[in-house]
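A quick write-up on the structure given underneath.
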Amino acid sequence: QVQLVESGGGLVQAGGSLRLSCAASGRTFSRYVMGWFRQAPGKEREFVAAYNWSGKRISYADSVKGRFTISRDNAKNTVYLQMNSLKPEDTAVYYCALDADPLVRHSPQEYDYWGQGTQVTVSS
């Protein structure tokens, strides 16, 4: 089993920044993908960013390219999402997830393990 715990959410003004963290523990995989998703009220969960186990394959949603950066600290088993130039439309609950398949995929249905989510609210 894998446990994922997100932190770092909060309230920020438009144009501000936040850094989300996702600490992973439990079962390990030699090849995997770590991803960030978000879900706004009344909307479906959507892909934000992901990287594969080697760090050589990174993918971003068009809506966050140039503003968000996904990164990791292997020593801490932690993945980060640095969010800059935040917009009110970025407001959502943000989730980290792990896909035990090595391909970077954007569908939340493909991911096997999920954190509990952290709220990000961007005021205008």
Side-chain angles (χ1 to χ4, degrees):
Q1 194 66 295
V2 173
Q3 292 77 44
L4 302 173
V5 179
E6 302 97 334
S7 61
L11 173 64
V12 64
Q13 289 188 333
S17 299
L18 281 174
R19 189 178 78 157
L20 306 183
S21 301
C22 174
S25 62
R27 182 181 175 184
T28 58
F29 298 87
S30 58
R31 298 186 176 191
Y32 59 90
V33 168
M34 289 295 298
W36 284 97
F37 290 79
R38 65 187 182 186
Q39 188 165 17
K43 294 187 177 181
E44 294 185 351
R45 193 167 297 189
E46 65 175 4
F47 172 80
V48 175
Y51 73 85
N52 74 339
W53 82 97
S54 69
K56 294 181 180 180
R57 297 295 299 268
I58 300 175
S59 180
Y60 294 96
D62 288 342
S63 58
V64 306
K65 279 181 181 177
R67 301 188 298 122
F68 290 12
T69 302
I70 188 171
S71 63
R72 63 182 180 178
D73 184 332
N74 288 339
K76 296 182 179 180
N77 290 327
T78 299
V79 61
Y80 303 98
L81 185 69
Q82 178 66 44
M83 305 186 296
N84 298 328
S85 302
L86 283 162
K87 305 174 181 180
E89 51 264 43
D90 295 318
T91 295
V93 177
Y94 283 71
Y95 300 88
C96 71
L98 185 148
D99 182 357
D101 189 286
L103 296 176
V104 175
R105 299 182 287 189
H106 293 189
S107 172
Q109 284 74 24
E110 303 291 353
Y111 286 71
D112 303 292
Y113 302 96
W114 291 85
Q116 82 288 350
T118 185
Q119 177 71 47
V120 171
T121 303
V122 184
S123 63
S124 57

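Every side-chain contact (heavy atoms from CB on, under 4.5 Å) that Ser25 has, sequence neighbours left out, goes to Gln3. For Ser30, the side-chain contact (heavy atoms from CB on, under 4.5 Å) criterion is met by no residue, not counting sequence neighbours. Scored by the side-chain contact (heavy atoms from CB on, under 4.5 Å) test, Ala14 finds Pro88, Val122 as partners (sequence neighbours excluded). Looking at residues two or more places apart in sequence or on another chain, you find a side-chain contact (heavy atoms from CB on, under 4.5 Å) between Val93 and Tyr95, Gln119. For the salt bridge (charged side-chain N to carboxylate O under 4.0 Å, His left out) test, no residue two or more places apart in sequence or in another chain qualifies with Lys43.
Listed by first then second residue, pairs satisfying disulfide bond (SG atoms under 2.5 Å apart) with a partner in residues 52-86 number zero, not counting sequence neighbours. Legend: disulfide bond (SG atoms under 2.5 Å apart) pairs involving residues 75-124, not counting sequence neighbours, sorted by first then second residue: Cys22-Cys96. Applying the ring pair (Phe, Tyr, Trp, His ring centres under 6.0 Å) test to every pair with at least one member in residues 48-83, sequence neighbours left out, gives no pairs at all. Within the structure, the salt bridge (charged side-chain N to carboxylate O under 4.0 Å, His left out) test picks out the following pairs touching residues 21-39 (sequence neighbours left out): Arg38-Glu46, Arg38-Asp90. Note on residues 75-89: no pairs pass salt bridge (charged side-chain N to carboxylate O under 4.0 Å, His left out), not counting sequence neighbours. Screening residues 6-19 for salt bridge (charged side-chain N to carboxylate O under 4.0 Å, His left out), with sequence neighbours left out, gives no hits. Within the structure, side chain to side chain donor-acceptor pair (under 3.5 Å) contacts touching residues 96-113 (residues at least two apart or in different chains) are Ser59-His106, Asp99-Arg105, Arg105-Glu110, Ser107-Gln109.
Thr118 approaches Gly9 most closely through the heavy-atom pair OG1-N, 3.2 Å. Scanning both residues, Gly55 and Arg72, for their nearest heavy atoms gives N-NH2, 3.5 Å. The two residues Pro108 and Trp114 have their closest heavy-atom pair at O-CZ2, 3.3 Å. A pairwise comparison of heavy atoms in Leu18 and Val12 identifies CD1-CG1, 4.0 Å as the closest pair.
Of the listed residues (Val48, Val120, Thr69), just one forms a side chain to side chain contact (heavy atoms under 4.5 Å, CB included) with Leu81, and that residue is Val48.
For the pair Trp36 and Met83, the minimum side-chain heavy-atom distance is 4.5 Å or more. You'll find the side chain of Val33 stays beyond 4.5 Å of the side chain of Leu103, heavy atoms only.
Linking ILVMFWY side-chain heavy atoms closer than 4.5 Å, directly or via other members, places Val79 and Ile58 in a single hydrophobic cluster. Follow the hydrophobic side-chain contacts under 4.5 Å out from Phe47 and you never reach Tyr94; the two are in separate clusters.
For the atom pair CD (Glu44) and CZ (Phe37), the distance works out to 12.5 Å, reported to the nearest 0.5 Å. Atom CE of Met34 and atom CG of Asn52 lie 12.5 Å apart (nearest 0.5 Å).
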